[in-house]
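Report on the structure given below.
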Amino acid sequence: MQRYNPKDIEPKWQAQWEADKIYQASDESTKPKKYVLEYFPYPSGAAMHVGHVRNYTIGDAIARYNRMKGFNVLHPMGWDAFGLPAENYAIKNNVSPRVAIDENTKRFKEQLMQMGFSYDWSREIDSTDPKYYKWTQWFFLMLFNKGLAYQKESLQWWCPHDKTVLANEQVENGRCWRCGHVVEKKLLKQWFFKITDYADRLVEDLEDLDWSEAIKSMQRNWIGRSKGAEIDFKVDGSNETLTVFTTRPDTLFGATFMVVAPELEVAKSITTAEQKDAVEAYVQEAQAKSDIERQETNREKSGVFTGAYATNPVNGAKVPIWIADYVLAGYGTGAIMAVPAHNERDFDFAKKFDLPIVRVVQNDAADDEFTHAEGTMINSGDYDGVASQEAREKIVIDLAKTEAGKEVVNYKMRDWLISRQRYWGAPIPIIHCPKDGAVAVPEDQLPVVLPEIESYEPSGDGRSPLANVPEFVNTICPKCGGPAERETDTMDGFACSSWYFLRFADPHNDQAPFDPEKAKKWLPVDDYIGGAEHAVMHLLYARFWTKVMYDEGLINFQEPFKTLRNQGMILAPDGSKMSKSKGNTIEPGVLIDQGYGADTVRIMELFLGPWNQAAAWSVEGMGGANRFLQRIWTLVQEFSESDGGTAESPELQKIVHKTIKKVSADLHVLSFNTAIAALMECLNELYRIKAEDKYASVEWQWALESMLQLLAPFAPHIAEELWEQLGQEGSIHTSEWPAYDEKYLVEDTLTIAIQVNGKLRGEVQIAADATEDEAVNAAKANDKVAGYLKGQTIRKTIYVAGKLVSFVV
RNA sequence: GCGGAUGUGGUGGAAUGGUAGACACGCUAGUUUUAGGAACUAGUGCCGCAAGGCGUGGAGGUUCAAGUCCUCUCAUCCGCACCA
């Protein structure tokens, strides 16, 4: 008898599948399409571990299942290969990032291949290939021409370690998302994409997406839309007006002071002579604080009085203007009306500096505390007695009459800063002309190719290494033909990944980013599988680009990813996070070499628990997964060597049909762990039946083949090998998913549970077609139950057909 | 503080309001001339000799019946955070 040896069969079938091109998606097929996509990986220097591989295993099971269900499946793979790690590696080892990335990509591809994933490799893409980034640049120009890409000088996050600016989304707790260094603010002229123009649509369209509530709420939170009003306060003895944003215009009568962020110019200009020194000292002190210090919550409030006063437009009251760093320059107007009775921060500030606190909304909160709650207006002139929700609207309407206020919507999200002062990225296709300003590189001159250079070290002066390459920089203006300079910054890598899912529909097109007809055929992505770490970066950016493309008429859909599936993280066996630095990663390649094989790893990835929940890797569990496949192997070998027989086995029919039903239903809702459990149960049953009966060859052949088909999405190699051994021609992976027939699932007898007063007291066998009376009588006849019913009056009898009888006494 | 999620045996986890613990790991006992990180059989929620009782983070409630529905509460994890 042949032994199950994954090392023999897995490479063999991988080569065969590749030769037969069975996973290639067809642009011509008339079968319904299914686009299954896993986020394309960054080919890093480190090997993939079982956590990364879970992502691909889930996607592959979905792709394979759908293929067998008769869909024309697009399941592509590519490389998101621009970015800092490759460049830093290149600097350290003095090799070109190109060379480093090519090596990593080759290794990554081998690792994916040895797992037996069913990718259509004919569509492989690489974001660092000029044939690809030509079109990333093309999209940049589209945004530029639509006024959605612009340059602006402003204070921006700067990572001193990576020596580049970062987008807001890429700063996590005041630290660089890549290297973890504390970031600084630097005044620089940078390129932005105007994602804020799409803020409303990005919030509203979340509604219809089949995404987890967690990711949706992260995006909503990040966009941070809040409805409110802008209200103008005139500064006394000056032409200045301070405009504030508030979500609670109803509390306007309770505004007893104002606060301006230290960064605002107006903070200095309105300051009186007496307060000048104090204000300057405070502003300096505030700017010296790191952002991490400033962001610490529960910090003691600090601030300084400007000496100036403003007039509350609603009642003419004079309110002092203060400067304090609890007001952020970057949100709203950078100035607030402070209502200490109804806002915690204002309350703390008023307490500290002894400013007046006036309650204007009456509710059941204590007098000496602040309250956000709604209530009835008091101390608010004509609005007294009105409900606060109502007053909120009325006050804004009344202010609008004198143009002292208006309704506005505010967002926390800022525009997406996309320029990077680094080498390894797609060059921004802009030429700076002294006469014509920023000019787009004409389309026929794309791509602007990233030149090979000597030193990848960033200068740190705010310019990329490309600035040191005169042949690259010096050019002529496409408009006037005069001497001009190329933009030397490169694009954020997230620009490349904002449209890659479209390129897979038409990966080799050199006339356009994609053929609209092909995009129409394949997109949107039906199942997008990836980690939650992309919640407010990639997933937001890609949605934004998609909407821009839709507006431009390039595509016919507004959301790129209909269904998003966030797989749960795989933790180390001790429950801690797996990381290269901790040295606790588990690599599939190592497990495969140990003899478990890719199929065992794949089974384990899915059997560990629900696919969307975190789970600790289990070393012992590997044995169980492997044993399961061993037992299937052995059963098929024993069958093949048996003489066969003619005895029929209704039991065999029943268990296999039942399993087909269960596995199909589970796969439909991605319940992989229970699908595999059902296969294990089926296998246990088959062994039991085998031990009792002789083989009935026709039925056994069918039973084993069906079981292998159900196994195929999870363990494709062993399924394919045994499929062949059973005499089948053609790949199991292009075979038709087995169907079940309800007629085999019908039971002759049923076990009915019997409850007395809600407690389980026994069970009884009845015929499947027993009437209610027969079932109830059988239940009463049960010895135990009879004991509980003796001498009692049955007040109520409930019969749940085929399930239970419940007596109430 | 705001938002999202999760709480079930020794462990990972199963359960359309209807027999809680499927499946697997681990453990216990046994079988096999068993080199192995084997294979097979039986058992395994807790208390109890048993009958029985108790059990899904906690407290209430609805129901003949609650892990599942409702109210309150506790704990853990994740995201955001002086956002007006």
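Basis for what follows: all heavy atoms, side chains included, without hydrogens, waters or symmetry-related copies. Please read all numbers here as calculations on a predicted model, not as lab measurements.
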_Quick check: closest heavy atoms across A:V183 and A:W157, and the distance to 0.1 Å?_
CG2-CE3, 3.2 Å
_Can you confirm whether more than 12 heavy atoms, excluding those of A:K406, are under 6.0 Å from its NZ atom?_
no
_Taking any heavy-atom pair under 4.0 Å as a contact, classify A:A214: base, sugar-phosphate, or nothing._
sugar-phosphate
*Nucleotide nearest A:T246 when distance is taken to its side chain, options B:A84, B:C82, B:C64*: B:A84
*asked:* Any strand counts, and the cut-off is 3.5 Å on both contacts for Watson-Crick or G-U wobble. Which nucleotide pairs with B:G36?
replied: none
*asked:* Please name the nucleotide paired to B:A24 by Watson-Crick or G-U wobble geometry with both distances under 3.5 Å, or report none.
replied: B:U11
*Please report, rounded to the nearest Å, how far the C1' atom of B:A38 is from the CD atom of A:Q594.*
17 Å
_side-chain N/O A:S618 vs B:A24 OP1/OP2, d < 4.0 Å_ = no
*Please check the phosphate of B:A24 (OP1 and OP2 only) for any side-chain N or O of A:R627 closer than 4.0 Å.*
no
_Donor-acceptor pair between A:E374 and A:S388 side chains, under 3.5 angstrom_ = yes
*asked:* Expressed as a whole number of angstroms, how long is the span from A:N626:CG to B:A38:P?
replied: 11 Å
*With heavy atoms under 4.0 Å as the rule, sort A:Y596 into base, sugar-phosphate or nothing.*
base
*Please work out if A:S217 contacts a base, only the sugar-phosphate, or nothing of the nucleic acid, heavy-atom cut-off 4.0 Å.*
sugar-phosphate
*For B:A24, does either OP1 or OP2 sit under 4.0 Å from a side-chain N or O belonging to A:N684?*
yes
*Roughly, in whole Å, what's the span from OH in A:Y326 to P in B:C82?*
13 Å
*If the glycosidic angle is within 90 degrees of 0 it's syn, otherwise anti, so just tell me which one B:G9 is.*
syn
*Rounded to the Å, how far apart are A:I676 CD1 and B:G12 C1'?*
13 Å
_Assuming nearest nucleotide by heavy-atom distance, tell me which of A:R248 and A:V536 is located more 5' along RNA chain B._
A:V536
*Which part of the nucleic acid, if any, lies within contact of A:D348, taking any heavy atom under 4.0 Å across all strands shown: a base, the sugar-phosphate backbone alone, or nothing?*
nothing
*Quick one: label A:S226 by what it contacts on the DNA or RNA (base, sugar-phosphate, nothing), any heavy atom closer than 4.0 Å.*
sugar-phosphate
*Test for a donor-acceptor pair under 3.5 Å between the base of B:C82 and the side chain of A:K301, counting only N and O atoms.*
yes
*For A:L760 and for A:E213, find the nucleotide of RNA chain B with the closest heavy atom, then tell me which residue's nucleotide is more 5'.*
A:E213
*Starting at CG of A:L750 and ending at P of B:U19, how long is that distance when rounded to a whole Å?*
14 Å
_Complementary nucleotide for B:A84 - Watson-Crick or wobble, under 3.5 Å_ = none
_Over all strands shown, is A:L608 touching base, sugar-phosphate only, or nothing at heavy-atom distances under 4.0 angstrom?_
sugar-phosphate
_Proximity to the side chain of A:S806 - top-ranked nucleotide from B:G79, B:C64, B:A84_ = B:C64
_Please classify the nucleic acid contact of A:G224 as base, sugar-phosphate, or nothing, using heavy-atom distances under 4.0 Å._
nothing
*Who pairs with B:A59 - Watson-Crick or G-U, where each distance is under 3.5 Å*: B:U71
_Nearest-angstrom distance from the residue atom CE of A:M680 to P of B:G13_ = 15 Å
*Which class fits the ring pair A:F349 and A:Y326: parallel under 30°, tilted 30 to 60°, perpendicular over 60°?*
tilted
_Base-pairing assignment for B:G18 (Watson-Crick or G-U wobble, both under 3.5 Å)_ = B:C64
*Would you indicate what A:K759 reaches in the nucleic acid, counting non-hydrogen atoms under 4.0 angstrom: base, sugar-phosphate, or nothing?*
sugar-phosphate
*Write down the distance between CD1 (A:I223) and P (B:G3), rounded to a whole number of angstrom.*
18 Å
*Would you mind classifying the nucleic acid contact of A:R631 as base, sugar-phosphate or nothing, using non-hydrogen atoms under 4.0 angstrom?*
sugar-phosphate
*Run the salt-bridge test on A:E742 and A:K661 with the 4.0 Å N-O cut-off and return the result as yes or no.*
yes
*Check if the side chain of A:Q755 and the base of B:G18 share a donor-acceptor pair of N or O atoms closer than 3.5 Å.*
yes
*asked:* Any base atoms under 4.0 Å from A:E681, or only sugar-phosphate, or nothing? Heavy atoms, all strands.
replied: sugar-phosphate
*Please state how far atom CZ in A:F807 lies from atom C1' in B:A65, giving the value in whole angstrom units.*
14 Å
*A:K7 atom NZ: more than 12 heavy-atom contacts under 6.0 Å*: yes
*Using purine N1 to pyrimidine N3 plus N6-O4 or O6-N4 for Watson-Crick, or N1-O2 and O6-N3 for G-U wobble, both under 3.5 Å, which nucleotide pairs with B:C49?*
none
*On the 0 to 90° scale, with breaks at 30° and 60°, tag the A:F370-A:F347 ring pair as parallel, tilted or perpendicular.*
tilted
*Could you let me know what B:U41 is paired to, Watson-Crick or G-U wobble, both distances under 3.5 Å, or none if it's on its own?*
B:A29
*Ion pair check, A:E681 and A:K662, cut-off under 4.0 Å*: no
_Categorize A:A614 for me: base, sugar-phosphate, or nothing, with a 4.0 angstrom heavy-atom threshold over every strand shown._
sugar-phosphate
_Taking only side-chain N and O atoms of A:N221, does any of them lie within less than 4.0 angstrom of OP1 or OP2 on B:C2?_
no
*For A:R795, report the nucleic acid contact type (base, sugar-phosphate, nothing); a contact means any heavy atom under 4.0 Å.*
nothing
*Closest listed nucleotide, where the reference is the side chain of A:V808 and the choices are B:C25, B:G13, B:C64*: B:C64
*Considering Watson-Crick and G-U wobble pairs with both distances under 3.5 Å, what does B:G79 pair with?*
B:C2
_Is A:R761 close enough to B:G53 that one of its side-chain N or O atoms is under 4.0 Å from OP1 or OP2 there?_
yes
